[in-house]
Structure formats: C-alpha cells, structure tokens
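The chains referred to below are lettered A, B, ... by the order of the sequence lines, with proteins before strands, and numbering in each begins at 1.
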Amino acid sequence: MPLNLYDTYARQQRPFAPIEPDKVRLYACGPTVYNFQHIGNYRTYIFEDILRRALEYSGYDVYHVVNITDVGHLTSDADTGEDKMEAGSRRTGQTAWEIAEQYTADFQEKLTWLNVLEPHIWCRATDHIQEQIDAISTIEEKGFAYRTEDGVYFDTSKLDDYGHLARLDIKGLQGGMRVDLGEKRRFTDFALWKLSPKNEQRQMEWDSPWGKGFPGWHIECTAMSTKYLGPRFDIHCGGEDHIPVHHTNEIAQAQVCYDTRLAEFWLHGAFLQLEGEKMSKSSGDFLRLESLIEKGYDALAYRFFCLGARYRAKLSFTWESIDGAATALNRLRAAAHSWGDPGTADEDYIAQFKERVEDDLNMPRVLALCWDLAGSNLPDDIKKATLLHFDQVMGLQLATWQPKAAAEIPAEIQAMAEKRQQARTDKDWAVADQMRDEITAAGYEVEDTPEGPRVSPLKS
RNA sequence: GGCGACGUGGCCAAGUGGUAAGGCAGGGGCCUGCAAAGCCCUUAUCCCCGGUUCGAUUCCGGGCGUCGCCUCCA
C-alpha cells in the first residue's frame, strides 16, 4: 500500500507517488530569524520530520531543503510597517547580520534537541539574491510585474487561477481588507522587490535592475526551491498559515517562471494552540523550548506530545497535557529499556504500523500501537525490536535511552541511601523512613527495586 | 464584514452510518515492612435542536460556542 498524504492543493488525501522513481524532493519553509522560535513553530518542524522519516521508511531517497529567511521583511506590504531585522537590530544593538546568525544557530540547535533530522540543504535568502533577481526579471519580462514608487509588484490579476491553493474568495477578502493598498493595483498583489527608502541606509540592501533594495518575502522560496529541486518537485510543506498568502504567492511566481505549480503535494501542519489560543511570536509573549526544559521536561517529551495529535488537527497545549506526555514517554522508555537487547521485529505489528503511517501519518494510532505492543505477551526481545522499528519514524531515540546513572547522584545522598538500606536490613523502619524523608527533602527519591534501592533526582 | 476549521470523559486526543482507540490524571485491587515502580480492573447519553435512515457521535439544515485566516507569522 502506498503512503497516503493530504494534499492541500487537491483538498484531499491521495496516494503519494514521486515524480522520479524512488526519489523524493522535499522543500520545507523555514523560519524568519529575527527572534527565537516558539514551541508552536517547532510543532511544524516535528511534523515535517515525521513526514521525512515516513518517506525514508517507505524506501524513498529523500532530498530535503529548508530555507532560512534572514532578509528583513516589512510587517506590512503597504510599506507602513517596520522591518523585523532592523527593528531587532535597534532593540539589541547587534547588526541585522548578527541577529540572523544568532537565531539561525539557536534554531538549528533546538532541532537537534528534538531529534529532527538535518536537511541536506540549508539555504539562506541573503545567499541567493541573484537567483531572486533573476526570477523577478523573468516575471517582469513576461508581463506579470509592475513598478511603483517603492518597488516591483506581482500583478495577480493576470493569473486566472490566482489563489486556488487557498480557494481564495478575492471579492470577499477585499471587503475585510485591513491594510492600505498604497500603489498596489490589487490588494492581493505582492512585492517582488522593495526599494530602500530614499534617505535611509539599510543594513541589508543590494543593487538590482530596479535600484538598491531587497527582495520580497515570497520570491526567495520560489527561487531557492527551484534552484535545488528543480521547477517541479514532489512535496512542499510548511505551517497552515502559509496557505493563503505565502504559498499562494510562491505558486503564482512559479506559474509565471516555470509554468508549474511548483510542487505535486502541498502539506500543511496545523497550529499549536496555547491554552486555547494561537501562540503569537510578534506579540512578544510566547513559550520557548527552553521554558519547557527549565521546568524539567525534556525536548523529546515535547516531540512525544506532538505525536499525540494528527498533524492536520490543531493541538491544545496545556501543562496537564505536556505533563501526561512526559510521564507516558518515560514509561515507554523504561519499558523499552527493561526489554533488553532487540531480537526480530514482529511482522504482524509491523504491518499494522505501516498501515497507520500510510494513513496520512497517523501518529496517534502509532502511539496506541506502542501501548498495545507493550501490553502484549510477545517475548521481550521481539517487543524491543518491534518498538525500535516503529521508532524509525517516531524518532524518540528509544534505542539509546538510559535511566539516570547512579554516578550522577551526590556522594552524600548515596550515603544517606546506604544508611537507609542498613536500617531496612535491621528492620528499623522508623530510621529507614526518616532517611527517605531526608533524601526526598534533598531533592531525590529512593525506590526499592528487585535489584536493590535506586536513587534518582526528584521529578521537577 | 468575508472565508475556513473545529466542538468526543477531569486534561490531551483517535475513530466510525450499527451504541466510542490510546495516553495522562482519578478510583479499586495485587505486590511492598511502608512506599515507589510494575501489573490487573474501573469511569463518555460523542455541544444543543430538527431532518434523512431500520439505525447518526459519524450525513444534511439551524442554533450556540471556540479558534484560525483576511497584517508579519509554523
């Protein structure tokens, strides 16, 4: 059975088949690096990682490209907004280039924490200015662009099916328009190249046939994705917020430049809701991965949490739910660890696993299968091998997880634990219980296992 | 105002035209010196009202509610 994926363009789930046999060319929209990413952003990268792993699991040779948007973009196409990179620069005293570098590095580091596989190509918008200028030139030569006082714009009225991806109702959108058109002819028109303000020296600006300035946001993805993957590739994905504007515009540009709709499949990850509401980066108040780590959750617990919902459904983050995910993951880890070395994976479970993955990456049902497997009466070595087989797609690093080593426990705590054990041997329960209270007070817990007492740091 | 999505037990969340996976939390039990861990058992009139149907949580209509997009945004 093939892998079935929900294609936003077709608005339906359909069997995936690559353009070129055995090869999948995948492009995922990366972050704008003017600030830290929040956990909602990472939900999307986790979804894309599951997608990539599922493709590789299905036997495809995946070529994965992710962009880094390091050009400052205005907060509004009407040229009334503030440039994010320049604003960040003013806020921190760093140059726009330093800011981009810092947040890019932070983003990439966090992905490793989440066990997200690194793309084969990272591409920065600022490293591909010429490609973008070339694409804009093509669009202009073909008559789909016009110039205004402040830049070059894409003329969306020239494309009959503009907005098909998002099923845009142009007239309806116009009614609720919240921004000034400026010199744009149509409200859906968007900037291809923005000219630098007349009497202002921008930190990031380049020469172009239209004057000194910088590229519009949408052109970078069209220019870079086609550079690395060709004018028509297999899958393009990103957050669901990209459907109405960013991806719609990428497609418009590709239609003009290459007469393609860029990708065969368009996949979109749904938002993480924070206590019922969307997490907003621009409002400045958002939950970072560090915040979770500081509270004692590990990054993979967040990954596990994300696996609990389908990628196309919004997911509500509550402390109670992340707590549940952390507990569940630890139990799964402990169980897997207790199973010892892997033997041969169970074919029956593998078949069920494949079916669930192929059902548009149904990870909640994969997790359910994990618990079913754990509770089954299969031999431990088979359970272990089967779970590790699942983990090729889940990416929870279950093969390498180890319980906290005793070596990490301070000597004084160890001594207290030994004193307690002596009391237990002497059946002096009062002293034993007192020692445990003291150990607990010191931030550790002691558990009596079949192999003897085990001391570990108290959770959170 | 326009467009769209969603509303499943305390929390998160699958799923289906034939009376609802899983995890977490809660309750009961086994085990334990006591605990913890583990194991077993256990908790839902699927937002409301109509309609279609032999039968709807699942399809249709209406209502209420929540959320998203229409501005940068994963």
In whole angstrom, give the distance that lies between atom CE of A:Met363 and atom P of B:G23.
16 Å

Categorize A:Trp429 for me: base, sugar-phosphate, or nothing, with a 4.0 angstrom heavy-atom threshold over every strand shown.
base

Does the pair A:Asp298/A:Arg333 count as a salt bridge with the N-to-O cut at 4.0 Å?
yes

In whole angstrom, give the distance that lies between atom NE2 of A:His242 and atom C1' of B:C70.
15 Å

Out of B:C67, B:A74, B:G15, whichever nucleotide has its closest atom nearest the side chain of A:Tyr45:
B:A74

Between the side-chain atoms of A:Asp323 and the base atoms of B:C12, is any donor-acceptor pair under 3.5 Å?
no

Taking only the C1' atom of each, what is the distance from B:G18 to B:G23 in whole angstrom?
27 Å

What distance, rounded to whole Å, do you find between the two C1' atoms, one in B:G51 and one in B:U66?
26 Å

Where the side chain of A:Ala309 is defined as all heavy atoms beyond and including C-beta, which of B:A14, B:A74, B:C34 is the nearest nucleotide?
B:A14

Position toward the 5' end of RNA chain B (nearest nucleotide), A:His246 or A:Trp371
A:Trp371

Could you tell me how far B:C69 sits from B:A74 if I compare only their P atoms? Round to whole Å.
12 Å

Pick base, sugar-phosphate or nothing for A:Pro364, based on heavy-atom distances below 4.0 Å to the nucleic acid.
base

Closest approach to the side chain of A:Arg365, judged atom by atom: which nucleotide of B:C12, B:A14, B:G23 is it?
B:A14

Identified side-chain hydrogen bond (donor to acceptor under 3.5 Å, both in side chains) partner of A:Tyr162 from the options A:Asn249, A:Thr188, A:Thr156
A:Asn249

Side chain of A:Ala313 only, heavy atoms from C-beta on: which candidate in B:A14, B:C69, B:C11 is closest?
B:A14

Give one of base, sugar-phosphate or nothing for A:Thr44, where a contact means two heavy atoms less than 4.0 Å apart.
base

Check the distance between B:A74's C1' and A:Leu315's CG and give it to me in whole angstrom.
13 Å

A:Ile322 CD1 - B:G23 P separation (whole Å)
18 Å

Pick the C1' atom in B:C59 and in B:C46, then give their distance to the nearest Å.
16 Å

Could you tell me how far apart A:Lys314 (NZ) and B:G68 (C1') are, to the nearest whole angstrom?
9 Å

Base, sugar-phosphate alone, or nothing: which one does A:Gly269 contact when heavy atoms must sit under 4.0 Å apart?
nothing

Would you say A:Arg331 places a side-chain N or O within less than 4.0 Å of OP1 or OP2 belonging to B:A25?
yes

Mind checking the C1' distance from B:G65 to B:C47? Whole angstroms is fine.
8 Å

Residues A:Arg14, A:Asp360: salt bridge by 4.0 Å N-O rule:
no

Would you give the length of the straight line joining atom NE2 of A:His64 to atom CD of A:Glu48, rounded to the nearest 0.5 angstrom?
6.0 Å

When rounded to whole Å, the CZ to P distance for the pair A:Arg420 and B:A36 reads 13 Å

On the 0 to 90° scale, with breaks at 30° and 60°, tag the A:Trp371-A:Phe304 ring pair as parallel, tilted or perpendicular.
perpendicular

Which nucleotide, B:A25, B:C34, B:G10, lies nearest any side-chain atom of A:Asp448?
B:C34

Considering Watson-Crick and G-U wobble pairs with both distances under 3.5 Å, what does B:G33 pair with?
none

Proximal nucleotide (of B:G68, B:C24, B:G10) relative to the A:Gln273 side chain:
B:G68

Assess whether side-chain hydrogen bond (donor to acceptor under 3.5 Å, both in side chains) is satisfied between A:Thr69 and A:Asn67, documenting all intermediate values.
CA-CA 6 Å; A:Thr69 299; A:Asn67 70 294; 3.1 Å; yes

Answer yes or no: does a side-chain N or O of A:Asn362 lie under 4.0 Å from OP1 or OP2 of B:G15?
yes

Ignoring hydrogens and geometry beyond distance, is the side chain of A:Asp433 in donor-acceptor contact with the base of B:G33 at under 3.5 Å?
yes

Looking at B:U45, which nucleotide sits across from it as a Watson-Crick or G-U wobble partner, both distances under 3.5 angstrom, or is there none?
none

Atom C1', compared across B:A14 and B:U52: separation rounded to whole Å
27 Å

Do A:Arg436 and B:A35 have a side chain to base donor-acceptor pair shorter than 3.5 Å?
yes

How would you label the contact of A:Leu168 with the nucleic acid (heavy atoms, under 4.0 Å): base, sugar-phosphate, or nothing?
nothing

Which value, in whole Å, describes the distance between the C1' atoms of nucleotides B:A37 and B:A13?
26 Å

P spacing across the pair B:A21 / B:U43, given as an integer number of angstrom:
11 Å

Could you state the interatomic distance from NZ (A:Lys383) to CG (A:Asp380), rounded to the nearest 0.5 Å?
5.5 Å

Against the side chain of A:Asp359, the closest entry in B:G15, B:A21, B:A74 is B:G15

With a 4.0 Å limit, can you tell me whether A:Arg310 has a side-chain N or O closer than that to the phosphate oxygens OP1/OP2 of B:G15?
yes

